[in-house]
K.L.:
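The structure's right below; bear with me while I get my questions together.
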Amino acid sequence: MPVPSSYNDITVNSVVRDFIGWTWYQRQFYTPKRWWLDKQRVVLRFGSVHYTAIVWVNGKKACKHSGGHLPFEADITTLLFYGTANLVTVAVNSTLTLSTLPQGYVQHPNDTRRYPPGYALFHYDFDFFNYAGIHRPVYLYTTPQTYIDDITVTTDIHEDVGIVKYTVEYQNKLRDPSSVPQCTVTVFAKDGTKVTSVTGVSGKVHIPKANFWWPYLTNPSPGYLYTLEICLTSEIGKDVYRLPVGVRKIAWNSTTFFINNMPTYFRGFGKHEDSNLRGKGLDYALLIRDYNLIAWLGANAYRTSHYPYAEEALDMADALGIMIIDESPACTIDNFSEELLQKHKEVMTDFVRRDKNRPSVVMWSLANEPSSFRNESREYFSALVNLTKSLDPTRPVTFVTSQTVDEDKAVQFMDIICINRYPAWYSDSGRTDLIQLQVKNELVAWHLKFNKPVLVTEYGAGSVIGMHTAPSSMWTEDYQVVTLTEHFKAFDTLYKEGFLIGEMIWNFADFATPQEYIRPGGCKKGLFTRERQPKMAAHITRWRYWTLAHSSVNV
Ligand code: E9O
């Protein structure tokens, strides 16, 4: 199997495509003798493996990880043979349970008239295909035995001065008191010129006349990044890490979201990591194609629906000024057990640790469409908000609801109200004439009840490319265009009310789903096809987003 990639769509075998359970990867690799002579610490790092992974190096267990969307690594220094062949073995299990994120379960039906004995049915409540495999790159890297373990950066602005606060954590594996390291932090501008330099494992750097990090189309150079070079020097060597840093300030009140004190409106969509053949495997050509399309649309934001995306995708967002609503893998959770809460807390902790320094990440989304009408969801989400805020006090915390304003129990704890709604699609199918009325009434009701900013995180309609009717009818491109334009009109009248902070279409591109009679070859709500070619809806969205970007209301 190729790595990185999902294994499901590589062969022509439906058993491989639909496989649930353990699969095995194995390969040989060589490490230079020099690494051992130089007393290097060698780490094996996986960008992500879906879902559970056990890793052995030369037959000895290196690590185990459960969770399909975050990186994990193991110090394998003492497991390696230097100068001769090594063998890495990875066992991957795609099974989801009621205590994984997302949830799923395997059922063994006992109706022998319909199913042979031992037959297994795999169920889950989210609509995207449960792709599995080694989805992101696998690296070997080395550090000295005294090394930088973590860096935390927060930024602020004061008039034209940028303020960067940093903390460096390090490990001293040799526990050698003579090797207490020295830490030097140097800031470089984008063109490579040195701005300033300080020493110490924590401190504050002032950048006069700073270039702030701005979202795409609000400034001639959006996504401006400085480089923070952290240099940890000890008796045994030097560990250097270069961290891109965007200087920006996030704030919000009951109606408005601000970047660098400017009201900011989200123009975007939900996405998926999904493509032909590769499934959820990282693909550089696809990544760059997607960002070309995002820029072409004039969008300035997307939500990583419905799980943390590859770090490579967020590197691009940082550098281009695309705002990210960073979403956890808790899609459609329904059973709020203590065990699930513990898992969710672990995931949020790892997730914040991974993405906390990214200027593109402007909001944490704890979940998508949980059963937040249930009473148990109240305590569950209040605990998660508290944890996330203690991990990161700088960003707003939210989750995305599909419940009604009267029934939802958890939105009350959130900073921003995020709503998914499908008038004229899942409700009142075919009646695009009702969209404006329903959207206006619905959004006003949410704001009135909670007095918080409102963001529409999903709306739209499915369209099969090339299908047209006049008058428009469901599944045609015409119907998708009418659905979107009716929403645009509703959003325009609401804009005057002042509490709407953005609009996000579902979805950026068509994506794979399990086989169902409501999915003609997948979810077809994309602005683009799965092959990343535009539908009619992409053109009208482009018109809208560029117009919004250049209108005075938006900055
Ligand atoms: C999540 C997304 O991943 N939201 C679903 C999308 C879909 O089309 C799916 O692809 O299945 C839609 C949820 C519809 C909620 C409607 C709520 C209406 C309540 C009054």
Side-chain angles (χ1 to χ4, degrees), residues 69 96 101-104 123-131 268-274 280 302-309 325 327-334 365-374 377 398-411 417-431 434-435 437-446 449 454-464 474-475 479-480 483-484 487 490 503-528 530 537:
H69 315 85
L96 302 175
L101 286 181
Q103 292 175 308
H123 298 280
Y124 47 87
D125 280 340
F126 50 91
D127 75 335
F128 51 96
F129 192 85
N130 185 47
Y131 279 112
F269 30 74
K271 269 184 112 268
H272 259 302
E273 291 188 319
D274 174 273
K280 292 201 176 306
Y302 70 84
R303 174 167 64 120
T304 67
S305 38
H306 297 304
Y307 36 79
Y309 284 11
I325 299 178
E327 186 158 279
S328 94
C331 189
T332 354
I333 53 173
D334 180 44
S365 166
L366 301 171
N368 177 71
E369 298 176 1
S371 297
S372 52
F373 61 89
R374 293 196 195 286
S377 72
T398 189
F399 79 96
V400 171
T401 189
S402 60
Q403 302 306 319
T404 63
V405 66
D406 297 323
E407 278 179 295
D408 190 283
K409 305 286 188 297
V411 162
I417 304 172
C418 291
I419 307 175
N420 294 351
R421 276 298 177 271
Y422 289 85
W425 188 259
Y426 287 124
S427 56
D428 296 306
S429 306
R431 300 187 180 271
L434 295 175
I435 291 174
L437 174 86
Q438 292 186 355
V439 170
K440 279 187 246 173
N441 288 340
E442 168 96 43
L443 300 187
V444 167
W446 282 96
K449 180 159 181 185
V454 176
L455 176 58
V456 178
T457 32
E458 281 185 28
Y459 71 100
S463 71
V464 175
M474 289 178 80
W475 296 108
Y479 192 87
Q480 189 183 25
T483 301
L484 298 188
H487 278 82
E503 47 194 82
M504 297 186 137
I505 295 162
W506 188 256
N507 186 285
F508 174 74
D510 295 347
F511 59 88
T513 63
Q515 300 178 58
E516 280 184 288
Y517 51 76
I518 59 159
R519 311 284 179 192
C523 174
K524 299 292 176 193
K525 298 189 188 75
L527 296 173
F528 300 98
R530 201 181 188 208

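Sequence positions, counted from 1, serve as the residue numbers for this chain. Counting starts at 1 for both ligands and their atoms, in listed order. These numbers come from the heavy atoms of this one structure, side chains and all, not from hydrogens, waters or symmetry mates.
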K.L.:
With T332, which residues qualify under side-chain contact (heavy atoms from CB on, under 4.5 Å), at least two apart?
P.N.:
D125, F126
K.L.:
Please confirm whether K525 makes a cation-pi placement over Y422, using NZ or CZ under 6.0 Å from the six-membered ring centre and within 45° of the ring normal.
P.N.:
yes
K.L.:
Is the terminal nitrogen or CZ of K271 (NZ for Lys, CZ for Arg) located under 6.0 angstrom from the six-membered ring centre of Y302 and within 45° of that ring's axis?
P.N.:
yes
K.L.:
Throw together a table of side-chain donor-acceptor distances under 3.5 angstrom for residues 365-373, partners on residues two or more places apart or in other chains.
P.N.:
| from | atom 1 | to | atom 2 | distance (Å) |
| --- | --- | --- | --- | --- |
| S365 | OG | E327 | OE1 | 2.9 |
| S365 | OG | A367 | O | 3.3 |
| N368 | OD1 | R303 | NH1 | 2.9 |
| N368 | OD1 | N420 | ND2 | 3.2 |
| E369 | OE2 | N420 | ND2 | 2.7 |
| S371 | OG | D334 | OD1 | 2.6 |
| S372 | OG | D408 | OD2 | 2.7 |

K.L.:
Distance under 4.0 Å, heavy atoms only, partner ligand 1: which residues pass?
P.N.:
D127, H306, N368, E369, S402, R421, Y422, Y426, E458, W506, F511, R519, K525
K.L.:
With rounding to the nearest 0.5 angstrom, report the CD1 to OG1 distance, I419 to T404.
P.N.:
10.5 Å
K.L.:
Can you sort out the partners of A509 under side-chain contact (heavy atoms from CB on, under 4.5 Å), two or more places apart, ordered by chain and number?
P.N.:
F528, R532
